[in-house]
Amino acid sequence: MTLAELTDGLNPEQRRAVATLDGPLLILAGAGSGKTRVLTRRIAALLARGTVGEGAFAPWLRPWNILAVTFTNKAAGEMRHRVEALVGESARHVWVSTFHSTCVRILRQDIEPLGWRRDFVIYDDDDQLRVIKAVLEEFKISPKELPPAAVRGRIDRYKNGLSAGEYLARSDPFPKLLASYDARLKKANALDFNDLINKVVQLWTENPAVLTRWQDRWRYVLVDEYQDTNPAQYSLLKLLAGEARNLAVVGDDDQSIYRFRGADLRNILEFEQDFPGAAVIKLEQNYRSKGNILKAASGVVRNNKARKDKTLRTEAEDGELVKLLMTEDDAAEGETIVNTMLRLGRNWSDYAVIYRTNALSRQVEQVLTRNRIPYTLVGGRKFYDRMEVKDILGYLRLLNNPDDDIALARVVNVPARGLGDKAMESLRAEAARHGTNLRAAARALGGTGGRAGNALAAFSLLMDRLEGVVPLMPLSDLVAYVATETGYIAMLEAEDTDEARGRIENIRELQRSAAAVLEEPDDDGNVPEPGPMSLRYFLDRATLSGQADELPDEGAGSVTLLTAHLAKGLEFPVVFVIGMVEKGFPHARAELEEDIEEERRLAYVAFTRARERLFLTSPRRRRGLEGWYEDAVLSRFVHEIPEDALSGREPGRGHMPAWRLGNLTPLGRGTPAAAPSRPGWSSERPAPARAPAPTRSFARPAGLRTLVPENLDSFITGAEVLHPSLGIGTIQTRDGTPGNPRLTIHFAGAGPRTVYAVTAALELVIRS
DNA sequence: GAAAAGACCTTTTTT
DNA sequence: AGGTCTTTTC
């Protein structure tokens with residue numbers, strides 16, 4: 001294929017991006033500007049230039065000299081696929097992969113100078129937590145005063161190079177915790193996610209000869225989603241690019257949404273300083289969305305300060321206005337969405353529902369289920385995170401690496417083998433005494449007789465037997481063999497519940513994905529042989545697979561539900577963004593100006609997923625932290641949408657209700673103040689159109705007026721309340737703490753009961 | 001040692 | 001409200 005053919009049908013900027021092959025290049029690609037198209041054609045253009053004849057390549061630009069890095073396996077797979085479709089066979093040798101997989105590949109070959117063995121294992125965040133818990137125990141710090149998740153956050157920040165300015169108090173235990181954490185990983189021959197990147201940087205920095213070898217292999221480097229790179233990834237790219245500087249990065253500063261994970265916007269904003277003489281190309285022509293959608297999204301993101309100036313333009317017509325749908329409460333958002341979908345009457349797969357936090361998916365799911373609308377929930381609990389899958393993988397990990405103490409601790413008593421805390425304690429003591437791993441300790445104690453001794457002997461024998469089988473079996477058979485021989489399947493069968501049957505099914509699914517490993521070539525085109533190699537390859541994949549990798553197939557015929565983060569890079573004809581309220585989107589934890597700007601970029605990403613129609617929903621009130629309703633305030637991002645692109649917003653006001661619950665306090669003593677009568681408020685919410693809400697077992701008396709106070713102080717002695725299942729009652733006593741009052745209530749139907757106001761979902765009855 | 005009941009914490013986003 | 005981890009009970 002010639003360059004002319006490859007740039008056919010592209011606009012001038014795209015053409016330039018495809019044809020600029022040497023030296024540093026920054027492509028600023030706005031949402032929907034044909035970024036992937038440009039990237040794939042650019043790879044094809046490199047291949048074309050390196051081809052000197054049928055299957056013959058110039059020695060300075062062979063297919064395997066090209067590296068393309070993405071953030072998700074899904075994106076990598078798609079790009080590989082598209083390049084292959086474009087140029088055929090020779091694309092197979094181009095290395096298209098994620099940052100993490102690429103680093104695993106490098107380290108599998110070259111990690112030894114750093115003191116790890118080449119068969120190292122990768123610890124995911126769950127493993128991290130287990131290690132941290134052990135560390136905290138070592139230093140006698142209770143997880144209450146120092147939550148393991150907080151330690152993990154700090155370790156991650158440190159490893160991402162973000163904690164340089166962090167104040168270290170003299171008494172701060174963090175350095176010793178980190179040291180112990182790292183020592184434990186090293187002992188288990190393990191690396192965590194951040195190590196994968198950092199160790200490559202360290203390796204290359206300390207061993208220039210190794211770096212030169214990789215620079216020689218990858219002479220042309222392309223990076224997708226460059227705005228999401230963190231400092232470690234930046235260092236890695238800078239090293240790899242070396243003096244040749246054939247580094248092309250594609251990104252959009254307006255779509256940088258991974259600051260919390262260490263992404264540094266400066267990487268893209270300062271690319272030109274970092275690589276002097278870099279060519280910069282802006283792709284500002286949007287081919288995805290109708291005009292009004294673009295107007296809305298641009299209007300929002302324009303309010304950010306930290307951004308490169310740019311304006312997306314489109315030749316598409318304006319289309320329908322972006323529509324704001326106000327609903328009574330968050331439960332009604334789902335109903336409204338479904339009604340709108342039914343009214344539009346399109347294919348289910350045309351619709352996507354996008355939300356800020358995973359928790360919001362639930363209510364939408366409920367309504368979809370009730371209406372028998374097929375949907376696919378992306379993310380949430382990913383497949384490899386499921387307990388039974390992790391258990392079986394735990395056995396496989398232990399077979400792969402006897403030093404993996406975390407894996408042993410996970411599986412040693414699943415199914416139950418009489419090896420509880422006591423046994424684990426002596427196991428750890430034995431291991432510490434001889435400086436061995438738990439696996440060896442189990443073998444040693446297995447000869448000592450006694451209850452635990454016999455159980456350990458049996459476990460050791462089992463593991464020995466499984467180990468012997470590893471080289472003999474194809475991977476999928478091994479998975480099945482492990483699941484059966486360990487008694488895991490029998491344990492689930494004995495449970496005889498739907499849940500257990502589902503778990504068995506998941507293990508079968510794991511087996512199927514293991515079978516696929518044997519058919520699928522890896523990045524270098526090799527199909528792994530049965531035995532330890534394929535096992536390790538399989539475990540790597542299981543650990544590195546992410547949530548974005550399990551997107552629904554196009555033809556699935558179902559509505560897609562996903563977070564704004566997972567939606568990046570995708571597009572749908574009709575998009576609903578739900579929960580457009582302050583403290584929801586933007587999220588409550590976004591306080592700093594930089595945080596808000598990131599939220600704004602996230603909103604921009606969410607909006608620009610839509611091709612034809614964009615709906616925003618916003619509840620007037622929503623459930624607060626403990627089941628309480630609180631007033632919701634329309635998201636500032638909705639206010640930032642230009643008025644001529646939006647319909648549904650009442651001019652002049654937000655959507656604050658005419659009277660606010662907050663005005664009720666302070667209440668007089670004795671009986672609750674009478675609330676202004678106002679139909680359509682909490683008491684007269686229309687019942688759901690179809691099935692009655694299953695949670696409420698008490699039939700609410702018709703015409704009863706209640707309100708949900710935002711303040712627990714409203715529940716005073718003598719007040720009349722409505723409980724969701726116990727009905728109407730009067731508060732007799734109130735004690736407990738001010739923040740967590742305990743009430744005894746005399747219910748008309750159920751008699752006296754004691755409840756905590758925080759959790760009981762009580763409403764105040766209003767008698768006027 | 002395992003099942004049942006209870007405290008407790010959670011919710012930001014993820015390779 | 002709901003799930004997870006911890007404590008209690010058999």
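Letters A, B, ... mirror the listed sequences (proteins, then strands); counts begin at 1.
- Checked against a 6.0 Å centroid threshold, the rings of A:Phe71 and A:His100 do not count as neighbours.
- For A:Arg503, the salt bridge (charged side-chain N to carboxylate O under 4.0 Å, His left out) partners two or more places apart in sequence, or in a different chain, are A:Glu388, A:Glu499.
- The salt bridge (charged side-chain N to carboxylate O under 4.0 Å, His left out) check on A:Glu582 picks up A:Arg636, with sequence neighbours excluded.
- Partners of A:Phe538 according to the ring pair (Phe, Tyr, Trp, His ring centres under 6.0 Å) rule, which considers only residues two or more places apart in sequence or in another chain, do not exist here.
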Would you tabulate the nitrogen or oxygen pairs shorter than 3.5 Å linking the protein to nucleotides 5-7 of chain B?
none

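- Rounded to an integer number of Å, the gap from CZ of A:Phe585 to C1' of B:dT11 is 15 Å.
- Between A:Glu333 and A:Thr327, the side chains place no donor N or O within less than 3.5 Å of an acceptor N or O (distance only, hydrogens not considered).
- Looking at residues two or more places apart in sequence or on another chain, you find a salt bridge (charged side-chain N to carboxylate O under 4.0 Å, His left out) between A:Lys35 and A:Asp224, A:Glu225.
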Just the atom pairs and distances: protein N or O near nucleotides 13-15 of chain B's N or O, under 3.5 Å.
residue: B:dT13; atom: OP1; partner: A:Asn358; partner atom: N; Å: 3.0
residue: B:dT13; atom: OP1; partner: A:Asn358; partner atom: ND2; Å: 3.3
residue: B:dT13; atom: O4'; partner: A:Arg356; partner atom: NH1; Å: 3.3
residue: B:dT13; atom: O2; partner: A:Arg356; partner atom: NH2; Å: 3.1
residue: B:dT14; atom: OP1; partner: A:Thr563; partner atom: OG1; Å: 3.1
residue: B:dT15; atom: OP1; partner: A:Gln547; partner atom: N; Å: 3.1
residue: B:dT15; atom: OP1; partner: A:Ala548; partner atom: N; Å: 3.1
residue: B:dT15; atom: OP2; partner: A:Gln547; partner atom: N; Å: 3.0
residue: B:dT15; atom: O4'; partner: A:Arg261; partner atom: NH1; Å: 3.3
residue: B:dT15; atom: O3'; partner: A:Phe71; partner atom: O; Å: 2.5
residue: B:dT15; atom: O2; partner: A:His100; partner atom: NE2; Å: 3.0

Secondary structure of DNA chain B in dot-bracket form (Watson-Crick or G-U wobble, distances below 3.5 Å, | marking inter-strand pairs): ||||||||||.....

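- Near-neighbour residues of DNA chain B inside residues 410-419 of chain A, defined by a heavy atom below 4.0 Å, number-ordered: A:Asn413, A:Ala416, A:Gly418.
- Nearest-nucleotide positions on DNA chain B place A:Ala423 closer to the 5' end than the other of A:Ala590 and A:Ala423.
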Derivation and outcome, side chain to side chain donor-acceptor pair (under 3.5 Å), residues A:Tyr488 and A:Asp391: CA-CA 9 Å; A:Tyr488 202 94; A:Asp391 286 339; 2.5 Å; yes

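- The ring pair (Phe, Tyr, Trp, His ring centres under 6.0 Å) search around A:Tyr355 returns none, not counting sequence neighbours.
- Taking the ring axis of A:Phe459 as reference, the NZ or CZ atom of A:Arg417 does not stay both within 45° of it and closer than 6.0 Å to the ring centre.
- Checked for salt-bridge contact, A:Arg536 and A:Asp540 miss the test: no charged N lies under 4.0 Å from a carboxylate O.
- Computed from coordinates, the A:Glu365 CD to C:dG2 P distance equals 13 Å when rounded to whole Å.
- Counted by atom type alone, A:Asp156 and A:Gln128 present one or more donor-acceptor pairs between their side chains at under 3.5 Å.
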Contact list (N/O, under 3.5 angstrom) for nucleotides 8-10 of chain C vs protein:
none

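- Listed by first then second residue, pairs satisfying salt bridge (charged side-chain N to carboxylate O under 4.0 Å, His left out) with a partner in residues 227-240 of chain A read A:Asp228-A:Lys568, not counting sequence neighbours.
- With sequence neighbours left out, the salt bridge (charged side-chain N to carboxylate O under 4.0 Å, His left out) criterion links A:Arg600 to A:Glu640.
- The pair A:Glu365-A:Arg370 fails the salt-bridge criterion, with no side-chain N (NZ, NE, NH1 or NH2) lying under 4.0 Å from an Asp/Glu carboxylate O.
- Between the side chains of A:Thr543 and A:Asp124, no donor-acceptor pair is found at a separation under 3.5 Å.
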